[in-house]
There are 2 protein chains.
Amino acid sequence: MGEAAEEFGGVTPDAARRLLLGAVEAFAERGFHATTTRDIAGRAGMSPAALYIHYRTKEELLYQISRVGHERAVRILSAAAEGGGSAAERLSTAVRAFVRWHAEHHTTARVVQYELTALGTEHYAEIVGMRRRTEEILRGVLADGVADGEFTVEDLRGTALAVLSLCVDVARWFRTGGPRTPEEIGTLYAGLALRMVGAGPTRSSG
Amino acid sequence: MGEAAEEFGGVTPDAARRLLLGAVEAFAERGFHATTTRDIAGRAGMSPAALYIHYRTKEELLYQISRVGHERAVRILSAAAEGGGSAAERLSTAVRAFVRWHAEHHTTARVVQYELTALGTEHYAEIVGMRRRTEEILRGVLADGVADGEFTVEDLRGTALAVLSLCVDVARWFRTGGPRTPEEIGTLYAGLALRMVGAGPTRSSG
DNA sequence: GTCTATATTTCGATAGAC
DNA sequence: GTCTATCGAAATATAGAC
């Protein structure tokens, strides 16, 4: 199927997982509102009615995708950001891992990052809370680097947001089979992020 | 109404412009597929049927918004990128202007940047062509800077795409009344872009 | 050009057999 | 737990009066 299988491997029963994977693909291709429950059920090899045995509404499918995806994204970012090493090393590792996830799991990531607004009010609020945590984690690394004198950043909040923008947007344009591997993009972006905070390798000025 | 009025001021007759402005607002808030023609007509103070006097389909509204918006965005970027000065000056001016437009006209920009996939096949192809031009313009500035020795960039294509990601993503998160003005974000991002190409002011290494 | 009224289609979700 | 069949609502787009 797709690279989304890895994210939702723990979902049971089997039919519920197949429906979730079908929904990820469909939402990523067409968007939540343009996707029909018939389409989702069809991708899972089931009748339209079968969807409602495992999920109460179409929105609940989006919520589960969004929740599990955000949990994974936060975990990946925090594992790198709160690991060992200098602020520069942690920033580099965090951006590389975060970007790599957005490229490798671009189908899931696209839904996670760009279909938020289709969530119901309460689900939306919950997800927004997780996204705030994401910003805080990255801002913490930048603050550490500034305190250490490793980074030169005037607008901490704005720069952290910019680095996140860079990472997240990978999900929008990445296509499997393109000229760069997820690993290569991760390495490129880690270098760009270091430069953005004033810690990157610069030219030998001329 | 909104900041979109400026973009579409030249559209006549009056009813056609009001419908376009209503569509921009609705598409930006809910997305193309979640927006009803009744909603658009309602925002324009008209009946649902009146829409079809001025536009053949809902998709044609999106196409007009997308076309005019992309034309404006390309013009803003190219005016700065192909102006005078060093590569660093042109990059700085281009990013500042491009970001500022995405912030000031975030409603239009959100539709322009994130509702592309709802376009019909032929319209989509036309818009993709304009977006390729956008990438080429920015890549040209970066190439100039590398040739001059002003910039240090290994992956020209990847770095140009990253700078564009940064600019475009402003339309996703910007809210009027937030802590920063469009001008301030433009200045911040111009500095970040310079750093990304190895031309930014860096710390006095310790 | 704009309205009221509606044709036609399609969608999300449910009922009931198995 | 899955299916066939379908309900009721809502959508895009059109018809015809004014």
Side-chain angles (χ1 to χ4, degrees), chain A residues 1 8 10-66 111 115-124, chain B residues 1 8 10-66 111 115-124:
Chain A
M1 182 163 295
F8 305 98
V11 176
T12 56
D14 188 68
R17 184 177 60 255
R18 293 205 318 274
L19 285 163
L20 211 60
L21 295 176
V24 169
E25 281 191 1
F27 292 163
E29 275 179 29
R30 316 188 205 285
F32 176 81
H33 290 290
T35 297
T36 69
T37 53
R38 283 169 171 77
D39 183 5
I40 295 168
R43 288 172 194 254
M46 304 172 79
S47 77
L51 189 153
Y52 295 92
I53 297 160
H54 302 281
Y55 301 94
R56 275 181 306 173
T57 63
K58 188 173 81 162
E59 191 268 353
E60 199 192 314
L61 271 164
L62 176 63
Y63 169 62
Q64 294 299 341
I65 294 164
S66 201
V111 179
E115 299 296 325
L116 278 188
T117 54
L119 288 168
T121 311
E122 292 189 10
H123 290 161
Y124 180 79
Chain B
M1 182 163 292
F8 305 98
V11 176
T12 57
D14 188 68
R17 184 178 61 254
R18 293 205 318 274
L19 286 163
L20 211 61
L21 294 176
V24 169
E25 281 192 2
F27 292 164
E29 275 180 28
R30 318 188 205 285
F32 176 81
H33 291 290
T35 297
T36 68
T37 52
R38 281 171 168 75
D39 184 4
I40 295 168
R43 288 173 194 254
M46 303 172 79
S47 78
L51 190 152
Y52 295 92
I53 297 160
H54 302 281
Y55 302 94
R56 276 182 306 176
T57 63
K58 189 173 82 162
E59 191 268 353
E60 199 192 314
L61 271 162
L62 177 63
Y63 169 62
Q64 294 300 341
I65 294 164
S66 202
V111 178
E115 300 295 327
L116 278 187
T117 54
L119 287 168
T121 311
E122 291 189 9
H123 290 161
Y124 181 78

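Chain identifiers are assigned alphabetically (A, B, ...) following the order of the sequence lines, protein sequences preceding nucleic acid strands; residue numbering begins at 1 within each chain. Quick note: numbers below take in every heavy atom, side chains included, and nothing from hydrogens, waters or symmetry partners.
Scanning all heavy atoms of the two residues, the minimum distance from A/Arg18 to A/Ala44 falls at NE-O, 3.0 Å. What you find for A/Ala26 and A/Thr35 is that their closest heavy atoms are O-OG1, 3.2 Å.
Backbone-only contact: B/Ala50 has heavy atoms under 4.0 Å from sugar-phosphate atoms and none from a base. Nucleic acid contact for B/Ser47: base, since at least one base atom lies under 4.0 Å from a heavy atom of the residue.
Rounded to an integer number of Å, the gap from A/Leu62 CG to C/dG12 P is 13 Å. Across the protein-nucleic acid pair, B/Ile53 atom CD1 and D/dG16 atom P stand 16 Å apart, rounded to whole Å. In this structure, the CG atom of A/Asp14 is 14 Å from the C1' atom of D/dT2, given to the nearest Å. Rounding to whole angstrom units, CG of residue A/Asp39 and P of C/dC11 are separated by 9 Å. In this structure, CZ of A/Arg17 is placed 14 Å from P of D/dG1, rounded to the nearest angstrom. If you take OH of B/Tyr55 and C1' of C/dG1, they are 14 Å apart, rounded to a whole angstrom. To the nearest angstrom, C1' of C/dT10 lies 15 Å from CD1 of A/Ile40. Here the P atom of nucleotide D/dT4 and the CG atom of A/Leu51 are 15 Å apart, to the nearest Å.
Here C/dC3 is the nucleotide among C/dC3, D/dA13, D/dT4 with the atom lying nearest to any side-chain atom of B/Met46. Among the nucleotides C/dT2, D/dT2, C/dA5, the one closest to any side-chain atom of A/His54 is D/dT2. Each of C/dC11, C/dA15, D/dA13 was ranked by its minimum atom distance to the side chain of A/Ala49; first place goes to C/dA15.
In this structure, A/Phe8 and A/Gln64 have side chains that are not in contact, with every pair of non-hydrogen atoms separated by 4.5 Å or more.
B/Tyr55 places no side-chain N or O within donor-acceptor distance of the main-chain N or O of B/Leu62, the cut-off being under 3.5 Å. Within the 3.5 Å criterion, the main-chain N or O of A/Pro48 finds no donor-acceptor partner in the side chain of A/Arg38.
Considering only side-chain N and O atoms, A/His33 lies nowhere under 4.0 angstrom from the phosphate OP1 or OP2 of C/dC11. Side-chain nitrogen and oxygen atoms of A/Tyr52 include none within less than 4.0 Å of the OP1 or OP2 phosphate oxygen of C/dT14.
Between B/Thr37 and A/Pro13, the residue anchored nearer the 5' end of DNA chain D, judged by the nucleotide with its closest heavy atom, is A/Pro13.
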